[in-house]
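Each remark here refers to the structure printed beneath this line.
Numbering of residues begins at 1 and proceeds along the displayed sequence.
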Amino acid sequence: MKIYGFCAPGFEALQDAFARNFRECGDTGAAFAVRQHDQLICSLWAGSADRNAECPFTEDTIANVFSASKGVLALMALQQVAAGKLDLDRPVADYWPEFTEGKATVTARQLLCHRSGLVAFRKRVDDKVIYDWHAACKEVSRTEPWWPPGSQQGYAPFLYGWGLGGLIERVAQKPLTELYRESLANPLDLDGGFGANGHRSLRIADVAPLKQPLPELRENAIGRAIKEDRKGPVAMAFGNPVSLVMGTNSPEWRSALIPAANGHFSARDLAAFYGDLAQKTPTTLSREWVSEASREQSCGHDKILQAEVRFGCGFILSGEAADLRFGGARGFGHPGAGGSVGFADPERGLGLGYITTRLGQSLFMDRRAVGLVRALYGLLS
């Protein structure tokens with residue numbers, strides 16, 4: 001496999017680690033990028049961007065990074081907080097009166113750190129709902145939490161995007177996609193965004209499962225929880241409707257606004273986004289609010305992820321486990337289903353992005369991203 005791109009002097013070994021993912025871990029199209037102190041020190045890409053291996057992967061190829069896009073949405077919410085338009089601890093219903101059905105006390109902070117109880121639709125919804133931004137936001141606004149808000153930690157795989165995104169639109173008083181372009185895409189020169197249409201890059205990669213599953217780094221108990229209760233919150237969070245996990249190459253999915261799960265970004269985009277947040281003086285948010293974003297807001301056994309997770313305001317915080325180790329102790333970021341990940345390490349002024357077209361089954365980062373992170377920090381230490 002021919003590897004394209006560059007590594008700064010002293011980081012050449014990253015190319016070997018990246019190539020190993022193709023030789024040993026099933027990658028067929030992927031990219032990896034790292035920025036440190038606002039300088040690109042690594043940008044690598046290889047393979048093909050389509051299932052027929054006819055379209056080459058390039059530096060600006062964008063791919064569905066799934067939940068790795070949650071951090072982007074979280075930053076947009078925090079920008080509204082910094083602008084004085086949103087109070088993290090006021091009820092969402094103060095800004096969004098239709099946000100009812102047992103949610104009168106739910107705050108923006110609880111949405112951001114997954115303590116709202118709003119983890120899944122309670123009734124079966126049709127595919128057309130999730131492909132219609134306004135219909136999805138309306139459905140979320142009238143969905144009852146699965147437990148009392150604030151009482152437990154429960155990750156919201158999809159409703160996070162419509163709940164938080166709908167709130168952002170109301171306080172900003174402009175469409176989410178327009179706000180994204182103004183506040184992030186243009187300042188950071190990002191190629192991708194939510195969905196895959198209307199952005200700078202026309203190179204959209206197809207995604208597909210790994211041909212051979214990788215050995216897991218931890219037990220993934222989600223499958224067991226789904227089998228134990230097909231109508232419970234875990235099953236409904238990940239499979240209602242089924243197109244949330246089955247339709248991700250379709251034109252309908254790519255043209256929709258599903259900001260918790262259909263962000264399409266390049267590795268260079270994720271490195272730029274998190275690299276900015278890792279700086280002493282970020283361009284997209286004040287250091288004060290970056291610190292709040294990365295301060296622990298919730299920690300414990302997550303009722304949906306079925307694992308121990310630490311959350312800041314919209315970001316997962318670095319932990320001891322290899323699949324959640326985002327550089328140093330102050331690291332924060334977000335992995336996405338299948339293997340993509342982006343994170344910031346403020347201690348080293350570093351932002352990292354990895355995207356892949358071959359989707360693994362790991363709960364957080366899998367062996368491909370973990371191998372790249374280990375190789376990088378071996379060169380930094």
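- Under the 4.5 Å side-chain heavy-atom criterion for grouping Ile, Leu, Val, Met, Phe, Trp and Tyr, M365 is connected to F32 within one hydrophobic cluster.
- Looking only at distances, no side-chain donor or acceptor of D366 sits under 3.5 Å from a matching main-chain atom of Q361.
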Show the numbers, then the answer: is there a side-chain hydrogen bond (donor to acceptor under 3.5 Å, both in side chains) between S43 and E59? CA-CA 8 Å; S43 182; E59 188 175 24; 2.7 Å; yes
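- Under 3.5 Å, the side chains of T284 and Q79 contain no donor-acceptor pair of N or O atoms.
- Counting only distance, with no hydrogens or angles, the side chain of E12 and the backbone of G10 share a donor-acceptor pair below 3.5 Å.
- The shortest distance between side-chain heavy atoms of L179 and M76 falls below 4.5 Å.
- Side-chain atoms of S141 and E98 include no donor-acceptor pair closer than 3.5 Å.
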Taking it one step at a time, do Y160 and L112 satisfy side chain to side chain contact (heavy atoms under 4.5 Å, CB included)? CA-CA 8 Å; Y160 175 95; L112 280 161; 3.7 Å; yes
Does the pair K174 and E182 meet the rule for a salt bridge (charged side-chain N to carboxylate O under 4.0 Å, His left out), with working shown? CA-CA 11 Å; K174 64 177 58 178; E182 292 177 359; 2.8 Å; yes
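- Between the side chains of R122 and T143, no donor-acceptor pair of N or O atoms lies under 3.5 Å.
- Within a 6.0 Å radius of CZ in R218, other residues, nucleotides and ligands contribute more than 12 heavy atoms.
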Could you please spell out the steps behind the salt bridge (charged side-chain N to carboxylate O under 4.0 Å, His left out) verdict for E292 and R295? CA-CA 5 Å; E292 182 68 7; R295 183 176 67 83; 2.9 Å; yes
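- The closest donor-acceptor contact from the side chain of T357 to the backbone of G29 lies under 3.5 Å.
- When atom types are taken as modelled, the side chain of N220 and the backbone of S362 share no donor-acceptor pair closer than 3.5 angstrom.
- Electrostatic pairing of R224 and E219 counts as a salt bridge here, judged by a charged N lying under 4.0 Å from a carboxylate O.
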Test salt bridge (charged side-chain N to carboxylate O under 4.0 Å, His left out) applied to E101 and R142, step by step: CA-CA 6 Å; E101 303 298 329; R142 60 190 185 189; over 6 Å; no
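- A cation-pi arrangement is present between K2 and Y4, with the terminal nitrogen or guanidinium carbon under 6.0 Å from the aromatic centre and inside a 45° cone about the axis.
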Determine, stepwise, if the pair S318 / R325 fulfils side-chain hydrogen bond (donor to acceptor under 3.5 Å, both in side chains). CA-CA 5 Å; S318 189; R325 191 175 301 142; over 6 Å; no
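- Ring pair F194/Y180: centre-to-centre distance below 6.0 Å.
- For the atom pair NE2 (H334) and CG (L324), the distance works out to 10.0 Å, reported to the nearest 0.5 Å.
- L317 CG to R310 CZ: the interatomic distance, rounded to the nearest 0.5 Å, is 4.5 Å.
- The aromatic ring centres of Y95 and F99 sit 6.0 Å or more apart.
- Listed for the R230 side chain is no donor-acceptor partner under 3.5 Å among the backbone atoms of A235.
- Remark: the backbone N or O of A261 is paired with a side-chain donor or acceptor of N64 at under 3.5 angstrom.
- Listed here is the closest heavy atom pair of Q152 and W147: O-NE1, 3.6 Å.
- In summary, of the residues considered (L164, L176, T177), a side-chain contact (heavy atoms from CB on, under 4.5 Å) with E169 occurs for L176 alone.
- We find the OH-CG distance between Y354 and L376 to be 14.5 Å, quoted to the nearest 0.5 Å.
- For the pair E347 (side chain) and A329 (backbone), a donor-acceptor distance under 3.5 Å is present.
- At least one test fails for R35 against the ring of Y274: distance under 6.0 Å to the centre or angle within 45° of the axis.
- Note that the CD atom of Q153 and the SG atom of C113 stand 7.5 Å from one another [nearest 0.5 Å].
- Residue pairs meeting the salt bridge (charged side-chain N to carboxylate O under 4.0 Å, His left out) criterion with at least one partner in residues 60-78, sequence neighbours excluded, are D60-R203.
- Within 6.0 Å of CD on E308 lie more than 12 heavy atoms contributed by other residues, nucleotides or ligands.
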How far apart are the C-alpha atoms of D302 and R115, what are their side-chain angles, what is the distance that settles it, and do they pass the salt bridge (charged side-chain N to carboxylate O under 4.0 Å, His left out) test? CA-CA 10 Å; D302 192 281; R115 296 196 68 88; over 6 Å; no
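- Put simply, CZ on R109 and OG on S116 are 14.0 Å apart, with the number rounded to the nearest 0.5 Å.
- A donor-acceptor contact shorter than 3.5 Å links the side chain of R358 to the backbone of P209.
- Nearest heavy atom pair, residue A74 against residue G314, reads CB-CA, 3.6 Å.
- Residues I355 and F6 do not share a hydrophobic cluster, defined by chaining ILVMFWY side chains whose heavy atoms lie under 4.5 Å apart.
- The hydrophobic cluster containing I204 does not contain L190, counting ILVMFWY residues as joined when their side-chain heavy atoms lie under 4.5 angstrom apart, directly or transitively.
- Not one N or O on the side chain of D323 forms a donor-acceptor pair closer than 3.5 Å with the backbone of L363.
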Run F315 and F326 through side chain to side chain contact (heavy atoms under 4.5 Å, CB included) and show every step you take. CA-CA 11 Å; F315 300 91; F326 301 142; over 6 Å; no
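- Side chain to side chain, T356 and D27 meet the donor-acceptor criterion of an N or O pair below 3.5 Å.
- In terms of hydrophobic clustering, with Ile, Leu, Val, Met, Phe, Trp and Tyr side chains grouped at heavy-atom distances under 4.5 Å, L214 and L359 are assigned to different clusters.
- Annotation for H301: atom NE2 counts as buried by contact number, over 12 foreign heavy atoms lying within 6.0 Å.
- Residues satisfying the side chain to side chain donor-acceptor pair (under 3.5 Å) test with D345, not counting sequence neighbours, are Y377.
- A distance-only check finds a donor-acceptor pair linking the side chain of W146 to the backbone of A120 [under 3.5 Å].
- By the 30° and 60° cut-offs, the orientation of the rings of F311 relative to H114 is tilted.
- For the atom pair CG (L44) and CG (L372), the distance works out to 8.5 Å, reported to the nearest 0.5 Å.
- In terms of heavy-atom proximity, R287 sits nearest to V290 at NH1-CG1, 3.1 Å.
- Using modelled atom types and a 3.5 Å distance limit, the side chains of T283 and D276 yield a donor-acceptor pair.
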